[in-house]
Amino acid sequence: MNPMQVSTPIRSPTWVSRRRLLEEKLSDLHKCTNLKQIKQVHAQILKADLHQDLFVAPKLIAAFSLCRQMVLAVNAFNQIQEPNVHLYNTLIRAHCQNSQSLQAFAAFFEMQSSGIFPDNFTYPFLLKACPGQSWLPMVQMIHSHIEKFGFCSDIFVPNSLLDSYSKCGSVGVNAARKLFQVMGERDVVSWNSMIGGLAKAGELGEARRLFDEMPERDTVSWNTILDGYVKAGEMNKAFELFEKMPGRNVVSWSTMVSGYCKVGDMDMARMLFDKMPVKNLVTWTIIISGYAQKGLANEAISLYDNMEESGLKPDDGAVISVLAACAESGLLGLGQKVHASIKRTRFKCSTQVLNALIDMYAKCGSLDKAYIVFDGIAKRDVVSWNAMLQGLATHGHGEKALKLFSRMKQEGFKPDKVTLVGVLCACTHAGLVEEGIQYFYTMESNYGIVPQVEHYGCMIDLLGRGGRLKEAFRLVHSMPMEPNAIIWGTLLGACRMHNDVDLAGQVVDHLVKLEPSDPGNLSMLSNIYAAAGDWDSVSNVRLRMRSTGIQKPSGASSIEVDDEVHEFTVSDRTHPKSDKIYQMVDRLVDDLKQVGYVPKAYQ
DNA sequence: CTAGGGTTAG
């Protein structure tokens, strides 16, 4: 349809005056984040009969979208009889902001089929709805559309395309490279996107070359290359750049803090954190999660308090990050604190936050609390079910997990590949070998899920733990994909469990090829030979270890009591209270023996 | 365009 033909309703003088009354309230409506206010204005709009106005509706949609009220947003959209490009663009952007990529595309296709042509805003919004590698085909489709209709006059369009490609893994980065080369005009944003994409794809050298080549660099350019080094763990190089870059901003500082947290250097992280002139919510999230990941509960908790005292209210991202860190290190205390602060400050939480809570409670061993959160979710999604299922499965409640699985199907949820990992894992932990095999071989026909490497991993664990090593080994060889290190590692674990020395030797050969610098593999083999009393083979392996120059650092466990970290290694007597500790260990071993546990070391 | 972000086999 020709845009000129869109009929404009005739405005009566009363209409104009009604609208003028609301004008002031409408002007900032699309930026309003207070749902109550929006609903008030909405009521006034309805009263004034302005809800079908092409000027008012986009503002309403944007406002509802900001408050994550997509049902209301779509409703506002549906009030319009003949939506135009602008309205569709607003809807697409709204879906995109609320990570409803599919709905964004649905809106796009609907727009096309009603004969409305996309403009210079449509494609960039749509490209934003393509998060990551799995959306590469959609990015390619949009690319061909753009080429067909020639919207490249505005650099915003090719820049968006470049950025989307560069976030789509190595294949996408190749396409981005090509596009970057043929782009007639490049601004600093084009360069930044290209450099960021290369750095993310692990092409740090090429990224650095482009960075050096750029005609002009802004703070984002510096931050991008800085992050490239940080993600590669090259903190020395990152620090060097950080020191000499002009105009550091809060992102530059936060990037450095994040890098030091990732390599575990909390002293440097804290020093920079204390020194940085401006901190925001992201900065606080980074440092708190950093401490939490290291298991330093007291530091993390006191910083969380400081953050709230400084008047910052954690958003979804902050809550999810901190909870994920708690889950990783089992910091139930901090997790509960976050939960309490959510309950205190929020009327309701997004499903994403509740899912993070389930996972945190489950991973910290508080399955009952996980269940309470799970039961209380108004709108469960597949991730909620998966988190709960996985939690039950990994804590030995295999049957309960399978029951949850049937409930999930009863309530009409479609299992995805993660669900099936949980189901197979549940079978493994409940010793239900036959059931697991059944699920594995029927998952494609029953649920349309083609077994992936993760599912094979579960199967190998299932068969291996059940002592069916030969079958497990055959399965590894019949896999349609290349077995990865986890697969071989699982099999090796099973060999150790059942003292299969021959198989272990073969498995380790594969493992060493995949992880040549991992000292754990050979040392595991050595332990297996030792357990079988094959001391010649043990010394052979030791020789192999020495000839490759690989040394296994002795494994150490550490616990944290009252903010003091205590580290322990094998037969460690250096701790001041080691006598008491060993007394306790002996008592525990006795208790375990009484319930039928046979410790390996005492065999 | 840059910093934090829910479920995934050893």
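The figures here come from the full heavy-atom set of this structure, side chains too, leaving out hydrogens, waters and symmetry mates. Quick caveat, the model's predicted, so the values are computed rather than measured. Lettering of chains follows the sequences in order, A, B, ..., and the numbering in each one begins at 1.
The CD1-C1' distance, from A/Ile377 to B/dT7, rounds to 12 Å in whole Å. For the pair A/Gln390 CD and B/dT7 P, the interatomic distance rounds to 10 Å; values are reported in whole Å. In this structure, the CG atom of A/Leu424 is 12 Å from the P atom of B/dG10, given to the nearest Å. Atom NZ in A/Lys363 sits about 9 Å away from atom C1' in B/dT8, given to the nearest Å. Between the P atom of B/dA3 and the CG atom of A/Asp227 lies a distance of 5 Å, rounded to the nearest Å. At whole-Å resolution of the value, CG in A/Asn192 and P in B/dA3 are 11 Å apart. A straight line from CE of A/Met481 to P of B/dA9 spans 15 Å, rounded to a whole angstrom. The CZ-C1' distance, from A/Arg68 to B/dG5, rounds to 13 Å in whole Å.
Proximity note for A/Asn386 (side chain, C-beta onward) versus B/dC1, B/dA9, B/dT7: the nearest is B/dT7. Among B/dG5, B/dC1, B/dA3, the nucleotide with an atom closest to any side-chain atom of A/Ser254 is B/dA3. Side-chain proximity of A/Val282 to B/dA9, B/dA3, B/dG10: nearest is B/dA3. With distances taken from any side-chain atom of A/Val421 to the nucleotides B/dT7, B/dT8, B/dG10, the minimum falls on B/dT8. Candidate nucleotides B/dA9, B/dT7, B/dA3 were compared by shortest atom distance to the side chain of A/Ile487, and B/dA9 ranks first. Out of B/dC1, B/dG10, B/dG5, the shortest distance to the side chain of A/Asp461 is found at B/dG10. Residue A/Glu454 has its side chain nearest to B/dA9 when only B/dT7, B/dA9, B/dA3 are considered.
Donor-acceptor pairing under 3.5 Å is lacking for the side chains of A/Asp305 and A/Ser302. Side-chain atoms of A/Asn223 and A/Asn249 form a donor-acceptor pair, as typed in the model, at a separation below 3.5 Å.
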Only distances under 3.5 Å count here; give the side-chain donor-acceptor pairs of residues 374-383 of chain A to other protein atoms, sequence neighbours excluded, each with its distance to 0.1 Å.
residue, atom, partner, partner atom, Å
A/Arg380, NE, A/Phe374, O, 3.0
A/Arg380, NH2, A/Phe374, O, 3.3
A/Arg380, NH2, A/Asp375, O, 3.3
A/Asp381, OD1, A/Asn355, ND2, 3.1
A/Asp381, OD1, A/Val383, N, 3.1
A/Asp381, OD1, A/Ser384, N, 3.0
A/Asp381, OD1, A/Ser384, OG, 2.9

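Note on ring orientation: taking the six-membered ring where Trp is involved, the planes of A/Phe473 and A/His477 are perpendicular (angle over 60°, cut-offs 30° and 60°). A parallel orientation is assigned to the rings of A/Trp488 and A/His510, their planes being inclined by less than 30° (bins at 30° and 60°).
Residue contacts for A/Ile486: at a heavy-atom cut-off of 4.0 Å it reaches a base atom on one of the strands shown. When heavy atoms are screened at a 4.0 angstrom cut-off, A/Asp315 is found touching base atoms of the nucleic acid. Within 4.0 Å (heavy atoms only), A/Thr255 reaches sugar-phosphate atoms of the nucleic acid but no base atom. No contact: A/Asn249 has no heavy atom under 4.0 Å from any strand. Within the nucleic acid shown, A/Val322 has no heavy atom closer than 4.0 Å to any nucleic acid atom. As judged by a 4.0 angstrom heavy-atom cut-off over every strand, A/Asn484 is placed among the base-contacting residues. Contact annotation for A/Ser289: no contact, since no heavy-atom pair falls under 4.0 Å across all strands. Contact annotation for A/Lys231: backbone-only contact, meaning every heavy-atom pair under 4.0 Å involves sugar-phosphate atoms and none involves a base.
A salt bridge links A/Glu434 to A/Arg468: one of the charged nitrogens lies within less than 4.0 Å of a carboxylate oxygen.
Of the side-chain N and O atoms in A/Lys262, one or more sit less than 4.0 angstrom from OP1 or OP2 of B/dG4.
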